[in-house]
Amino acid sequence: MRKQILIMNILVLGSGGREHTFAWKIAQSEECNKLFVAPGNSGTEKIATNLSINVTDFGAIKAAVLENDISLVVVGPEDPLVQGIHDFFLADEVIKHVSVIGPQKAAAELEGSKEFAKAFMSRHNIPTAAYQSFTKENVEEGYQFLESLNPPYVLKADGLAAGKGVLILNDLEEAKSELKSMLLDAKFGEASAKVVIEEFLDGIELSCFVLTDGKDYKILPTAKDYKRIGEGDTGLNTGGMGAISPVPFATNEFLEKVERQIVKPTVEGLQKDSLPYVGFIFIGLIKVGDQPKVIEYNVRMGDPETEVVLPRLKTDLVEIFNAMSNQSLSEVNIDIDERAATTVVLVSGGYPEAYEKGKAIRGIDEVNDSILFHAGAKKSDGKVITSGGRVMAVTSYGNTYEEAIKKSYQSIEKLHFDKMYYRKDLGFDL
Ligand code: AMP
Ligand code: GLY
């Protein structure tokens with residue numbers, strides 16, 4: 001018997017490579033009728049209708065949902081979640097029937113406040129770095145705490161700081177002076193009114209992605225992203241320069257530990273603390289010896305990790321989203337492609353600092369061995385031009401990650417824009 005399917009109109013919020021990947025995967029579903037992306041980019045434009053709406057303009061989003069008869073909203077970035085978009089839908093009679101993929105505001109604090117996340121982990125015995133938090137009222141105690149630690153010193157602005165709020169410093173005096181500038185001079189604005197100081201963890205990082213309906217969970221493939229701009233993991237932090245899935249050093253034994261010590265207590269902790277959660281949990285992990293520890297929670301998928309995780313998902317994503325919204329996730333089988341996937345991100349020269357935009361991107365139609373997920377790219381006068389720092393993610397499959405990376409680099413040979421830059425060393429550390 002053919003299973004019953006729900007056909008619906010769907011809206012994806014966001015404009016990056018992550019959202020193009022969501023749209024690409026959703027567009028393959030027979031449960032998707034019309035697909036919209038707000039605001040989207042030149043990649044989403046080819047497979048969906050872009051709506052020129054800001055992701056935090058809840059009023060405009062509501063109007064678009066009603067006008068286009070949308071019954072599922074997938075939230076890409078953290079900002080709307082931390083600002084309470086899910087609660088906004090639930091509180092409004094005319095849109096409360098719409099399914100929203102992403103946690104409610106109280107649970108989004110896992111990403112919105114580092115201190116909230118640390119307290120959550122400590123309450124539920126989830127392994128993470130030891131920490132203490134400070135405000136301008138007890139800055140002196142902060143200095144003393146720093147004196148009691150060994151370098152390097154890890155200082156984190158409590159709130160959202162566009163990925164810039166974490167400082168890792170070797171010098172005690174510099175750490176004290178940065179603590180002062182965060183707390184007393186609002187270095188990261190309101191986000192650093194509170195600062196978490198934590199133990200430095202030495203190890204290799206990876207990310208674990210979990211789907212939950214608030215009751216049950218499913219674990220998606222792991223991924224590793226390359227955050228620094230320079231080869232050999234040097235230079236400034238970026239949103240992410242590339243990613244690999246699966247992570248070769250995440251053995252079954254290690255992943256079993258991650259599930260038992262971290263994923264299960266996280267989902268159970270959400271229930272115990274009455275934190276309503278239908279969405280993705282992105283757990284940033286560090287492997288210290290054989291022990292996984294949590295570096296951070298994000299309440300959304302990663303970018304560019306999505307560009308390697310979703311291509312490996314064989315199960316219909318809309319079916320999964322519907323099961324999440326109906327609290328029947330436990331009934332869904334998650335099928336994963338055994339192949340490796342890698343993505344290499346092409347960025348505008350100068351990124352993550354100042355860079356130029358509006359450069360024509362050539363060669364897009366010549367790439368046939370990789371999937372191009374557009375990010376900071378838009379259509380203008382019939383041409384695709386750059387419009388952001390991270391421009392495009394070039395994803396490939398392979399029997400091994402080495403094979404997949406090679407394919408991405410071969411595809412990149414065909415692509416060009418003025419001052420294009422990318423890392424040529426992905427996988428160097430594996
Ligand atoms: P976060 O924004 O919390 O992900 O931190 C940004 C980056 O800082 C992480 O990806 C790690 O590379 C590094 N980091 C954060 N916390 C620690 C820690 N306790 N020990 C070592 N590195 C850390
Ligand atoms: N690639 C890291 C992130 O999405 O936060």
Side-chain angles (χ1 to χ4, degrees), residues 14-19 21-22 75-79 81-82 110-118 121 126-133 146 149-170 175 188 191-192 195-209 222-229 233-245 247 280-289 291-310 343-345 347 352 373 375 389-390 393 423 426 429:
S15 62
R18 169 180 51 211
E19 287 77 18
T21 315
F22 272 127
V75 186
E78 63 277 16
D79 272 337
L81 294 167
V82 173
L110 282 180
E111 179 164 359
S113 161
K114 303 268 186 205
E115 142 128 296
F116 180 89
K118 296 298 282 191
M121 287 184 263
I126 296 167
T128 187
Y131 81 104
Q132 279 192 36
S133 56
L146 284 170
L149 299 173
N150 293 317
Y153 306 95
V154 183
L155 270 52
K156 300 186 171 186
D158 178 60
L160 292 183
K164 296 193 173 72
V166 176
L167 301 178
I168 300 183
L169 305 158
N170 282 310
F188 299 107
S192 66
V195 172
V196 168
I197 299 181
E198 65 179 41
E199 165 199 14
F200 178 81
L201 299 174
D202 196 7
I204 186 157
E205 289 178 53
L206 71 155
S207 304
C208 167
F209 301 95
T222 52
K224 176 172 172 32
D225 86 336
Y226 289 82
K227 286 202 174 114
R228 303 292 200 92
I229 187 74
D233 284 342
T234 53
L236 293 174
N237 250 326
T238 70
M241 297 296 291
I244 288 176
S245 176
V247 178
F280 292 91
I281 315 173
F282 164 172
I283 311 179
L285 295 172
I286 187 159
K287 181 171 176 276
V288 183
Q291 176 60 46
K293 295 197 181 199
V294 178
I295 290 269
E296 63 167 349
Y297 287 111
N298 294 305
V299 297
R300 51 171 174 87
M301 276 300 285
D303 193 351
E305 293 92 328
T306 306
E307 290 92 307
V308 292
V309 171
L310 289 189
T343 200
V344 180
V345 178
V347 306
F373 293 118
R390 292 194 290 172
R423 273 181 63 170
L426 294 203
D429 52 343

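Counting starts at 1 for both ligands and their atoms, in listed order.
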Revision key, fill the gap. Of all protein heavy atoms, the one nearest atom 4 (O) of ligand 2 is D303 N, 2.9 Å
Check your understanding: atom 3 (C) of ligand 2: which of K224, R300, E78 has the nearest heavy atom?
Key -> R300
Exercise for review: Using modelled atom types only, decide if a donor and an acceptor are shared between the side chain of T238 and the backbone of R228 within a distance under 3.5 Å.
Suggested key: no
Check your understanding: Do protein heavy atoms approach atom 7 (C) of ligand 1 to less than 4.0 Å?
Key -> no
Exercise for review: Could you tell me whether ligand 2 has any atom less than 4.0 Å away from a heavy atom of R18?
Suggested key: no
Check your understanding: Is R390 reaching over with its side chain to a backbone N or O of G240, donor-acceptor style, under 3.5 angstrom?
Key -> yes
**Study point:** Main-chain N/O of P77 paired with R300 side-chain donor or acceptor, under 3.5 Å
**Key:** no
Practice item. Give the residue and atom name of whichever protein heavy atom lies nearest to atom 1 (P) of ligand 1, and the separation in Å to one decimal. Key: E296 OE1, 3.5 Å
Check your understanding: Is Y226 close to V345 at the side-chain level, that is, under 4.5 Å between some pair of heavy atoms?
Key -> no
Revision key, fill the gap. Ranked by distance from atom 11 (C) of ligand 1, the top protein heavy atom is E205 OE2, 3.1 Å
Practice item. Answer side chain, backbone, both or neither: which part of E111 comes under 4.0 Å from ligand 2, heavy atoms only. Key: neither
Exercise for review: For G302, counting its heavy atoms only, list the atoms of ligand 2 lying under 4.0 Å from any of them.
Suggested key: 4 (O)
Revision key, fill the gap. Atom 3 (O) of ligand 1 has as its nearest protein heavy atom K114 NZ, 3.1 Å
Point to revise | Protein contact to atom 16 (N) of ligand 1 [nearest heavy atom, distance to 0.1 Å] | key: K156 NZ, 3.0 Å
Check your understanding: Can any side-chain N or O of R423 pair as donor or acceptor with the backbone N or O of M241 at less than 3.5 Å?
Key -> no
Point to revise | atom 5 (O) of ligand 1: nearest protein contact (heavy atom, Å) | key: V166 CG2, 3.4 Å
Point to revise | ligand 1 versus E199: contacting region, heavy-atom distance under 4.0 Å | key: backbone
Practice item. For F282, take its heavy atoms, then give the atoms of ligand 2 lying under 4.0 Å from any of them. Key: 3 (C), 4 (O), 5 (O)
Point to revise | Closest protein heavy atom (residue, atom, distance) for atom 17 (C) of ligand 1 | key: I295 CD1, 3.6 Å
Revision key, fill the gap. Tightest non-hydrogen contact, residues F282 and M301, listed as CD1-C, 3.8 Å
Review point. Between L146 and L155, is a side chain to side chain contact (heavy atoms under 4.5 Å, CB included) present by the stated rule, with each step listed?
Key: CA-CA 10 Å; L146 284 170; L155 270 52; 4.0 Å; yes
**Study point:** For G239, the ligand 2 atoms whose distance to one of its heavy atoms is below 4.0 Å
**Key:** 1 (N), 2 (C)
Exercise for review: Indicate yes or no for a side-chain donor-acceptor contact from S245 to the backbone of T222 under 3.5 Å, with no hydrogens or angles considered.
Suggested key: yes
Exercise for review: Pull out every atom of ligand 1 sitting under 4.0 Å from any heavy atom of K227, numbered as shown with elements.
Suggested key: 10 (O)
Review point. Quick check: does I168 get an N/O under 3.5 Å from an N/O on ligand 1?
Key: no
**Study point:** Residue among Q132, E198, E296, K156 satisfying side chain to side chain contact (heavy atoms under 4.5 Å, CB included) with K118
**Key:** E198
**Study point:** Nearest-0.5 Å distance, CZ of residue F22 to CG of residue L310
**Key:** 5.5 Å
Review point. Can you tell me the protein heavy atom closest to atom 20 (N) of ligand 1 and the distance?
Key: L201 N, 2.8 Å
Study note, to complete from the structure: Within the 4.0 Å heavy-atom cut-off, what E305 brings close to ligand 2 is side chain
Practice item. Look at the side chain of D158 and the backbone N and O of S192, then say whether any donor-acceptor pair between them is shorter than 3.5 Å. Key: no
Study note, to complete from the structure: The atoms of ligand 2 lying under 4.0 Å from a heavy atom of D225, numbered in the order shown, are 1 (N), 2 (C)
Exercise for review: Measure across F188 and A157 and return the closest heavy-atom pair with its distance rounded to 0.1 Å.
Suggested key: CD1-CB, 4.0 Å
Check your understanding: Does an N or O anywhere in E198 fall below 3.5 Å from an N or O of ligand 1?
Key -> yes
Exercise for review: Working to the nearest 0.5 Å, report the span between CG of D225 and CD of E205.
Suggested key: 8.0 Å
